[in-house]
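In what follows, chains are A, B, ... by sequence order, proteins preceding strands, each numbered from 1.
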Number of protein chains: 2
Amino acid sequence: MVNYSDPQLTRVFSAMGDPTRRAIVARLAGGGLTVSQLAAPFEMSLPAISKHLRVLEGAGLISRRIAGRTHHCNLEAAAMKSATEWLEQYRRFWEPRLDVLGEYLAETENTEELHDGECKD
Amino acid sequence: MVNYSDPQLTRVFSAMGDPTRRAIVARLAGGGLTVSQLAAPFEMSLPAISKHLRVLEGAGLISRRIAGRTHHCNLEAAAMKSATEWLEQYRRFWEPRLDVLGEYLAETENTEELHDGECKD
DNA sequence: TGATTAGTTAACCATATGGTTAACTATAGC
DNA sequence: GCTATAGTTAACCATATGGTTAACTAATCA
């Protein structure tokens, strides 16, 4: 069951609501980076990046391995799973082929009508 | 090309970052509702709901048809599409079967290796 | 040991967010 | 026309967010 008050979901969506953080995630998709490497292309102070990293870490979207004085960050994309699943509940609203009736027809190949599908919450 | 600074993406993710707004979206998935009907189950004032509706409207996630003094709200789930696509770029990171190599193998049925896929940004 | 480097923490600031109550607009109904 | 209803707008408040600079901690290196 999808719980709309799930604080983890809230943290992930909120984290993704910031363009800088989406850019950080996009950079990390290319492989792990240190904080300085990560920060380099941004026109923003290191403390600002540090804060963004804390937010991403709090959402479980990145992990950190500390080696000496350098912090290596890695993408933990699995944290996006719940957010993706939440959004996908609604996919049938913009892709009619994926609606409940469509799924049913695809499976059974008959025209019997289904109840109007409701979304999990 | 996915643009991480896309303000529309920012509005959609930010809108979804609030549990009340996710609950509103979930309710509207069951069909259009007036503002009062929508607000009924929430322990929150009507103006608070009104604000949330404005945010959802600004993100393109709901539409409004005004009939007399009642406002009928409808889900516009298509606005979720860009957010879903953004997240799905990263699906291969938590579902190895959907990685670039996996897709390639599924299509060609051979074992030739591919370059490490990068994420669009 | 002393200087440099990596990164965080602290203190601060401006603005945004999420809520409230009170007042308002406008439609509906008697 | 008066009153009730649907909903917004305004004003306000507390806290969160996103940024800054300065100070700090700790590791590296000459």
Side-chain angles (χ1 to χ4, degrees), chain A residues 4-28 31-75, chain B residues 4-28 31-75:
Chain A
Y4 57 72
S5 73
D6 179 357
Q8 179 59 19
L9 206 48
T10 295
R11 280 190 288 268
V12 171
F13 275 127
S14 298
M16 295 317 200
D18 183 275
T20 302
R21 287 192 289 263
R22 288 199 303 279
I24 287 173
V25 165
R27 291 204 76 214
L28 285 177
L33 292 171
T34 69
V35 172
S36 307
Q37 289 171 336
L38 212 42
F42 296 98
E43 292 180 338
M44 192 181 298
S45 68
L46 206 51
I49 297 293
S50 189
K51 280 190 183 182
H52 283 304
L53 292 178
R54 260 198 296 142
V55 172
L56 289 167
E57 230 176 338
L61 287 159
I62 69 171
S63 62
R64 193 187 296 245
R65 179 177 50 83
I66 301 177
R69 63 183 168 180
T70 72
H71 296 210
H72 297 265
C73 299
N74 278 281
L75 184 61
Chain B
Y4 57 74
S5 74
D6 179 357
Q8 179 58 20
L9 207 47
T10 295
R11 280 191 289 267
V12 171
F13 274 127
S14 298
M16 295 316 201
D18 183 275
T20 301
R21 287 193 290 262
R22 288 199 302 278
I24 289 173
V25 165
R27 291 203 76 214
L28 285 178
L33 292 172
T34 68
V35 172
S36 307
Q37 288 172 338
L38 211 42
F42 296 99
E43 293 179 339
M44 191 181 298
S45 67
L46 206 50
I49 297 293
S50 189
K51 280 190 182 182
H52 283 304
L53 292 179
R54 258 198 298 140
V55 172
L56 288 167
E57 230 176 338
L61 287 159
I62 68 170
S63 62
R64 191 187 298 244
R65 180 177 49 85
I66 301 177
R69 62 183 169 180
T70 72
H71 295 211
H72 296 266
C73 299
N74 278 280
L75 184 61

Notebook entry, point to check: In chain order, what residues pass the side-chain contact (heavy atoms from CB on, under 4.5 Å) check against A/Arg54, with sequence neighbours excluded?
Noted result: A/Lys51
Check: Reading nucleotides 16-27 of chain D from the 5' end, what letters show protein touch, with B for base, S for backbone sugar-phosphate only, - for no heavy atom under 4.0 Å?
Finding: --BBBBB----B
Margin query: Restricting to non-hydrogen atoms, name the atom on A/Gly60 and the atom on A/Gln8 that form the minimum distance, rounded to 0.1 Å.
Written below: N-NE2, 4.5 Å
Next item on the list: May I ask you to evaluate whether B/His71 reaches the phosphate of D/dA6, defined as a side-chain N or O under 4.0 Å from OP1 or OP2?
Entry: no
Please enumerate all protein N or O atoms sitting under 3.5 Å from an N or O of nucleotides 1-3 of chain D, with distances to 0.1 Å.
none

Next item on the list: Figure out the CZ/C1' separation between A/Arg54 and C/dA10, and round it to whole Å.
Entry: 11 Å
Next item on the list: Check whether any side-chain N or O of A/Thr70 sits under 3.5 Å from a backbone N or O of A/Ala67 as a donor-acceptor pair, and report yes or no.
Entry: yes
Check: What are the two closest non-hydrogen atoms of A/Ile62 and A/Glu57, and how far apart are they?
Finding: O-CG, 3.6 Å
Next item on the list: Taking all non-hydrogen atoms of both residues into account, name the closest pair between A/Ile49 and A/Ala39 and its distance.
Entry: CG1-CB, 3.8 Å
Item checked: For atom CD1 of A/Ile66 and atom P of C/dT8, their distance in whole Å -> 8 Å
Next item on the list: To the nearest Å, give me how far apart NE2 (B/His72) and P (D/dA6) are.
Entry: 11 Å
Check: To the nearest angstrom, how far is B/Gln37 atom CD from D/dT5 atom C1'?
Finding: 14 Å
Next item on the list: Kindly give the heavy-atom pair with the smallest separation between A/Thr10 and B/Pro19, and that separation in Å.
Entry: OG1-CD, 3.8 Å
Notebook entry, point to check: Looking only at heavy atoms, which two atoms of B/Leu33 and B/Leu38 are closest? And how far apart?
Noted result: CD1-CD1, 3.6 Å
Notebook entry, point to check: Looking only at heavy atoms, what is the nearest atom pair of A/Val12 and A/Ala59, with distance?
Noted result: CG2-O, 3.8 Å
Check: Whole-Å distance between D/dA6 C1' and B/Leu38 CG?
Finding: 13 Å
